[in-house]
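Beneath this line is the structure, given in structure tokens, with notes to follow.
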Amino acid sequence: MSRLVVANLHGEALLSRATGAAQHALPATLMQRLSATGTLLRVFCDGTDRLWTPLPVDPSCLPELAGREAPRLIHTELPRRLPDEQLVPWMASPLGECIPERAVDVARRVCHRGFALDLCDRLGLGLPGARLISSTAELQEHLADGGARAGADGRWVLKPPYSAAGRGQLLSAGASAQVAPGWERRVCQAFERHGEMLFEPWLDRVHDLGCRGEVSGGQVHVLGVHGLVVGASGAFAGVVVAPAGAADRAACPPAAGAPQAIAGLTPEVAEQLADVTRRVGLALAQAGHAGPFGVDGFTHRQAHGQLALRVLCEINARLTFGRVAAEWMSLLAPSASAPGRLLFARGPLDAAVAQRRGEPAEALWASAQPRVIPLLTPDPAHGRGGTSAWLEVSGE
């Protein structure tokens, strides 16, 4: 059976619009970037399949991979599933008649930040001060009551109820609700746009981590842990993933001069991530979700300098790039003995790789001289230099 793979990476925005929130359209350059990175879902395809992206991506931007025929790229019109096609969406979101309404109804519940907030409380993992807030007056009252006290420096963040990759977040510069010119206006606009926002005290993140799972037949399968790469600006920039069959080695200390471990992922942390992922999967199954999901967590530095783990920060009831990276590793580097990285950047591939190598935190990866496997080169029709993506593999 052939597949229709739907790269609706803007699915959270579609869910938000479906709730009646006064959403603005995502910027054109962002939609281009989401469409380009969405082509990485071709890891689930072969030449008989179709892959839909919201905006066009030039097929010539997909480098040829040995023994892997690219799927047919489609765009513009909403995808329509053919009778003999298996549907593989990034997530359940309103998209014409393509995705069943029942699945969309479930996604509206489990992709809302309130679902994760309630589950954190039920599991005893709640962050003090975290709550949904619907107005600036409520925000100011919450701050006056010490809502940001759990943060080391009194800062706080507001997150839209449906969002991904940090889009739409508002990070305060201090403990006050009004700390800079125009700040109150931005907060008011966020409440008008989304109706409500998730308030959280800001924690000093050190290592961003994740775990991927799947709900199938009511059963929860934990598939593996991974690290998240965050760029200098704080934006999501990639995934560090263990090779297939080597998840236990991902949390082992690296050999001298080799990036053989995922930063921050000790055996104890890996065990906690896997345990909470299993518990999240059970909650998702009870809510009606079926298919892939991921859990994000992070270590953070407390006021006295010690590291602590926030094991459950976000629930992603959908495919994640942790899952995509693991699939690419399994396909292209089945003999690797060390973690690899799926990385994204704007601009030409060679320049993006060189720029990444020049960053101070890249010393171990640069010294290991990993093999670079191009997965995406920039579409010249896309703005801001287009998007590049590649897989880095060492230990082969």
Side-chain angles (χ1 to χ4, degrees), residues 8-27 30-31 34 54 90-96 99 101-122 126-148 150-151 155-173 175-180 182-202 280 283-284 287-289 293 296 312-318:
N8 54 331
L9 274 62
H10 61 320
E12 284 88 357
L14 295 176
L15 284 173
S16 182
R17 291 172 195 162
T19 65
Q23 275 291 309
H24 297 282
L26 295 177
L30 173 57
M31 289 300 295
L34 295 178
W90 172 258
M91 68 179 295
S93 69
L95 208 65
I99 299 177
E101 185 60 32
R102 185 188 63 82
V104 176
D105 288 341
V106 172
R108 288 192 184 103
R109 296 196 304 273
V110 300
C111 293
H112 192 284
R113 291 192 185 276
F115 180 86
L117 180 67
D118 291 342
L119 184 58
C120 277
D121 289 340
R122 295 204 306 271
L127 175 63
R131 57 173 288 186
L132 289 169
I133 288 178
S134 57
S135 69
T136 54
E138 189 178 349
L139 170 63
Q140 291 166 353
E141 181 180 352
H142 186 54
L143 288 169
D145 290 341
R155 289 188 297 164
W156 44 271
V157 63
L158 292 174
K159 301 178 179 180
Y162 295 103
S163 64
R167 289 190 291 272
Q169 292 187 7
L170 293 175
L171 174 62
S172 76
S176 170
Q178 303 178 45
V179 295
W183 176 251
E184 186 175 10
R185 178 176 55 82
R186 292 178 61 200
V187 172
C188 286
Q189 289 175 340
F191 286 128
E192 291 173 359
R193 185 176 305 169
H194 301 289
E196 59 184 351
M197 301 282 281
L198 174 64
F199 174 98
E200 290 182 343
W202 180 256
V280 167
L284 288 172
H289 175 80
F293 72 97
D296 291 345
L312 177 54
C313 172
E314 294 191 9
I315 297 172
N316 299 304
R318 53 170 169 75

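What you see is a predicted model, and the numbers here were worked out from it, not measured in a lab.
Sorted by first then second residue, the salt bridge (charged side-chain N to carboxylate O under 4.0 Å, His left out) pairs that include residues 131-147, not counting sequence neighbours, are R131-E138.
Residues meeting the salt bridge (Lys or Arg N to Asp or Glu O under 4.0 Å) test with D105, sequence neighbours left out: R108. Legend: residues meeting side-chain contact (heavy atoms from CB on, under 4.5 Å) with P27, ordered by chain and number and at least two apart, are T29, L30. Listed by chain and number, the residues in a side-chain hydrogen bond (donor to acceptor under 3.5 Å, both in side chains) with N8 are S93 (sequence neighbours excluded). Taking the side-chain contact (heavy atoms from CB on, under 4.5 Å) definition, one finds that A137 meets it with S135, sequence neighbours left out. In this view, E200 and K159, R310 satisfy the salt bridge (Lys or Arg N to Asp or Glu O under 4.0 Å) rule, not counting sequence neighbours. Checked against ring-ring contact (aromatic ring centres under 6.0 Å, His included), F199 has the following partners two or more places apart in sequence or in another chain: H142, W156. The ring-ring contact (aromatic ring centres under 6.0 Å, His included) check on W90 picks up F321, with sequence neighbours excluded. Residues meeting the side-chain contact (heavy atoms from CB on, under 4.5 Å) test with A116, sequence neighbours left out: I315. Remark: L171 pairs with R155, V157, W202 by the side-chain contact (heavy atoms from CB on, under 4.5 Å) rule, at least two apart or across chains.
L119 is listed as a side-chain neighbour of R122, based on a closest heavy-atom distance under 4.5 Å. Within the 4.5 Å cutoff, the side chain of R167 has no heavy atoms near those of the H10 side chain. Inter-residue side-chain proximity for H194 and L158 is flagged as unmet; no heavy-atom pair is nearer than 4.5 Å. Between P201 and L127, the closest side-chain pair of non-hydrogen atoms falls below 4.5 Å.
With rounding to the nearest 0.5 angstrom, the SG atom of C120 is 10.0 Å from the CD atom of E314. Distance check, rounded to the nearest 0.5 Å: OG of S172 to CG of L139 gives 9.0 Å. Taking CD of E12 as the start and CG of N316 as the end, the distance is 7.0 Å to the nearest 0.5 Å. Note that CE of M31 is 9.0 Å distant from CG of L9, once rounded to the nearest 0.5 Å. Expressed to the nearest 0.5 Å, how far CZ of R109 lies from CG of D118 amounts to 13.0 Å.
Nearest heavy atoms, M197 versus A190: CE-CB, 3.9 Å. Contact detail for A287 and F115: the closest heavy-atom pair is CB-CE1, 4.2 Å. The shortest heavy-atom contact between V106 and G288 is CG1-C, 3.7 Å. Here the closest heavy-atom approach between residue P128 and residue A150 is recorded as O-CB, 3.6 Å. The shortest non-hydrogen separation linking Y162 to A107 is CE2-O, 4.4 Å. In plain terms, the two heavy atoms of G114 and L132 that are nearest each other are CA-CD1, 4.0 Å.
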> Given R113 and E196, is the side chain to side chain contact (heavy atoms under 4.5 Å, CB included) satisfied, shown in steps?
Replying inline: CA-CA 10 Å; R113 291 192 185 276; E196 59 184 351; over 6 Å; no
> Should L15 and V104 be marked as a side chain to side chain contact (heavy atoms under 4.5 Å, CB included) after you check the CA-CA gap, both sets of side-chain angles, and the distance that decides it?
Replying inline: CA-CA 8 Å; L15 284 173; V104 176; 4.2 Å; yes
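Side-chain contact check for R193 and S16: no donor-acceptor pair (N or O, by modelled atom type) lies under 3.5 Å.
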